[in-house]
S.K.: 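Quick one: the structure is below, and I'll ask about it shortly.
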Amino acid sequence: MGDRISKANMLLLILVCLAQFLEVMNSSTVTVALPAIQLALHMNTNNLQWIVTSYVLTFACFLLVGGRASDLIGRKRVLTLGLAIFAAASLAGGFAMNPVWLIASRAIQGIGAALSIPAAMSLISTSIPEGAQRNKAFAIFGALGSGGFAAGSIVGGLLTDSLGWRSLFFLNVPLGIAIIIGLVFVKERPMEQKNKQSIDLPGAIAVLLGIFILVYGLSMPDVDGSWSTTKIVTLIVGALILVGFVFIEKYAKNPLMPLRLFRIGSLVSSNIIGFLMYSFMTAFIYFSTLYFHALGYSSLITGLAFLPLGLSSVLATQITPYFMRIFGAKMLLIVSQLVNALGLFWLSTMSMNSVYAAFILPVFILLGLSTAAGFTAIIVGSVRDVRLEEHGVAGGIVNTFLQLGGSLGLSILATVASSVTASATDPSSNEAMLSGFQTALVVGGCFALFALFLALLSLRKKKAALLQA
């Protein structure tokens with residue numbers, strides 16, 4: 001069969017990719033609509049950030065639970081449940097009459113997405129044969145995530161301007177229902193019959209609480225360009241609870257996150273590199289958005305400016321499996337992190353007079369290709385040596401690392417940027433803001449270099465193991 005995906009698996013792939021696309025697109029559409037939401041619901045700036053933060057918090061907290069549940073009770077069942085929760089919360093959000101109502105709806109959306117994404121990933125890895133077919137499937141899955149971000153920026157701007165921000169939430173309802181109906185016709189690979197296992201409740205409580213406190217601490221605003229004492233204490237408490245979670249898992253009969261998985265070198269290296277990659281890419285998108293705003297771009301024009309990033313990611317679906325088959329996932333990971341580092345260092349030289357077509361567009365295209373290729377290699381590596389019955393929890397682990405990397409990276413690099421800006425002679429000037437962005441992008445480029453070093457190290461270990469075999 002080569003690298004061609006069967007018709008039955010193609011239907012499954014289309015549906016899980018649409019689920020990924022829908023949930024990623026929703027995040028960027030809501031971000032674009034924040035000014036309109038603020039005006040309609042009379043929200044202050046501090047409360048406005050919770051429309052984004054509430055989603056991120058619950059999404060990060062429930063990823064491991066979603067991954068483990070998909071292994072225990074069925075991937076398609078958990079994906080369907082997650083989509084149903086997401087659609088119902090979207091409907092509620094569309095009718096929101098006050099900030100608390102909307103923020104609560106966003107939090108429930110995050111739970112639905114956290115159940116859906118690991119289940120979708122494990123459906124791909126357990127249904128599509130390992131090798132070229134699975135690599136191609138994961139490339140498409142990852143690229144549609146990037147495509148969802150780009151499409152969301154444009155769709156968000158168009159719908160908000162024409163039909164209002166509520167239409168962004170209502171749009172999710174028929175799309176979610178359509179995917180759920182399609183899943184009825186998908187046959188899931190039978191799960192191995194085992195003794196009935198229950199969810200590790202103490203572990204679930206510990207990881208939910210630990211990640212909630214950690215991500216909440218990371219989302220706390222900086223004070224004069226530095227972390228406040230409250231923020232530092234909150235992060236320490238969250239980290240300590242997660243250390244306690246590790247001890248719970250060590251002695252749990254049916255652990256939520258089996259610690260033996262971390263003996264798998266490919267899973268560990270993929271997760272750490274993914275953590276680093278999302279740390280600088282999340283910050284890169286954030287700083288680019290603020291940069292475009294400083295240039296006077298509207299929401300729609302900003303979305304169009306990001307479109308090449310998403311389109312090049314989609315293009316990567318056609319070339320990534322080919323190069324992965326020839327050079328392997330680890331080599332692709334090395335090249336992608338090198339391109340990421342060079343791209344960030346290049347963008348760190350931007351000015352208020354930089355021409356988009358000549359200076360930014362080429363880098364956006366390259367970063368779209370490299371991040372899609374890197375994401376594919378990370379996902380393939382994270383499940384490659386994991387038993388099929390644990391692909392769900394492996395998907396939960398990798399997505400948790402990605403989410404925490406994005407939150408921590410944005411917090412660190414935003415602090416770097418604000419510190420540099422605050423130290424300028426005129427902190428309110430565009431030049432001071434730009435100086436902060438430039439410094440943060442240089443630090444982000446250093447993160448990419450560290451990810452490159454880890455990728456090189458993992459490749460060296462692989463070669464050493466082959467020589468000893």
S.K.: Distance alone, cut at 3.5 Å: any donor-acceptor contact between the side chains of E23 and S116?
M.R.: yes
S.K.: Between S288 and I285, is there a donor-acceptor pair closer than 3.5 Å when you use the side chain of the first and the backbone of the second?
M.R.: no
S.K.: Quick one, F292 with Y297, criterion ring pair (Phe, Tyr, Trp, His ring centres under 6.0 Å). Give me CA distance, side-chain angles, the key distance, then yes/no.
M.R.: CA-CA 5 Å; F292 291 143; Y297 288 16; 5.1 Å; yes
S.K.: Can a donor-acceptor pair be found, under 3.5 Å and without considering hydrogens, that links the side chain of K330 to the backbone of A455?
M.R.: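 Absent.
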S.K.: Atom CG of L452 and atom CG of L457: how far apart are they, to the nearest 0.5 Å?
M.R.: 11.0 Å
S.K.: Under 3.5 Å, side chain of T421 to main-chain N/O of A432, donor-acceptor pair present?
M.R.: yes
S.K.: Do other residues, nucleotides or ligands put more than 12 heavy atoms under 6.0 Å from Y356 OH?
M.R.: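 Check passes, neighbour count above 12.
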S.K.: First locate atom CD1 of I273, then atom CZ of F450, and finally report the distance between them rounded to the nearest 0.5 Å.
M.R.: 9.5 Å
S.K.: Mind running side chain to side chain contact (heavy atoms under 4.5 Å, CB included) on S312 and I365 for me, showing each step along the way?
M.R.: CA-CA 5 Å; S312 60; I365 293 173; 4.0 Å; yes
S.K.: Just by distance, do the side chain of W346 and the backbone of A341 share a donor-acceptor pair under 3.5 Å?
M.R.: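 No, the answer is negative, given that no donor and acceptor are paired below the 3.5 Å cut-off.
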S.K.: Please confirm whether the backbone N or O of L259 pairs with a side-chain atom of K250, one donor and one acceptor, at under 3.5 Å?
M.R.: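 Not confirmed, K250 side chain does not pair with L259 backbone.
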S.K.: Counting only heavy atoms from other residues, nucleotides and ligands, does the tally under 6.0 Å from CZ of F262 exceed 12?
M.R.: yes
S.K.: Passes side chain to side chain contact (heavy atoms under 4.5 Å, CB included), T126 versus R75? Steps please.
M.R.: CA-CA 10 Å; T126 57; R75 286 113 192 173; 3.8 Å; yes
S.K.: Hey, is the main chain of M257 close enough, under 3.5 Å, to the side chain of E249 for a donor-acceptor pair?
M.R.: yes
S.K.: With no hydrogens and no angle check, is any side-chain donor or acceptor of Y216 less than 3.5 Å from a backbone partner on L235?
M.R.: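 Answer holds: no.
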S.K.: Does the side chain to side chain contact (heavy atoms under 4.5 Å, CB included) test come out yes or no for T349 and Q438, once each step is laid out?
M.R.: CA-CA 7 Å; T349 64; Q438 290 171 333; 5.9 Å; no
S.K.: Just by modelled atom types, is the G368 backbone N or O under 3.5 Å from a matching donor or acceptor in the S313 side chain?
M.R.: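 Checking the backbone N and O of G368 against the side chain of S313, a donor-acceptor pair under 3.5 Å is found.
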S.K.: Short question: side chain of R106, backbone of I51 - any donor-acceptor pair under 3.5 Å?
M.R.: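 Flag set: sc R106 to bb I51 pair under 3.5 Å.
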S.K.: Walk me through whether F364 and F306 qualify under ring pair (Phe, Tyr, Trp, His ring centres under 6.0 Å).
M.R.: CA-CA 8 Å; F364 270 28; F306 277 114; 5.7 Å; yes
S.K.: Parallel, tilted or perpendicular: which one describes the rings of F401 and F275, with boundaries at 30° and 60°?
M.R.: perpendicular
S.K.: First locate atom CG of N340, then atom CZ of F280, and finally report the distance between them rounded to the nearest 0.5 Å.
M.R.: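 Between N340 CG and F280 CZ, I get 4.0 Å after rounding to 0.5 Å.
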S.K.: Search all heavy atoms of P118 against all heavy atoms of A113 and return the closest pair with its distance.
M.R.: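 Closest pair (atom of P118, atom of A113, distance): CD-O, 4.4 Å.
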S.K.: Decide side chain to side chain contact (heavy atoms under 4.5 Å, CB included) for L18 and L22; before the verdict, give the C-alpha distance in whole Å, the side-chain angles of both, and the deciding distance to 0.1 Å.
M.R.: CA-CA 6 Å; L18 285 176; L22 172 64; over 6 Å; no
S.K.: Just verifying a value: how many Å separate L63 CG and Q403 CD, rounded to the nearest 0.5 Å?
M.R.: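 Answer for the CG-CD pair, L63 versus Q403, is 6.5 Å.
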S.K.: Atom CG in L261, atom CG in L267: separation rounded to 0.5 Å?
M.R.: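 Going from CG on L261 over to CG on L267, the span is 6.0 Å.
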S.K.: Tell me whether S127 contacts the main-chain N or O of I124 through its side chain, where contact means a donor paired with an acceptor under 3.5 Å.
M.R.: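 Pair absent, no side-chain N/O of S127 close to backbone of I124.
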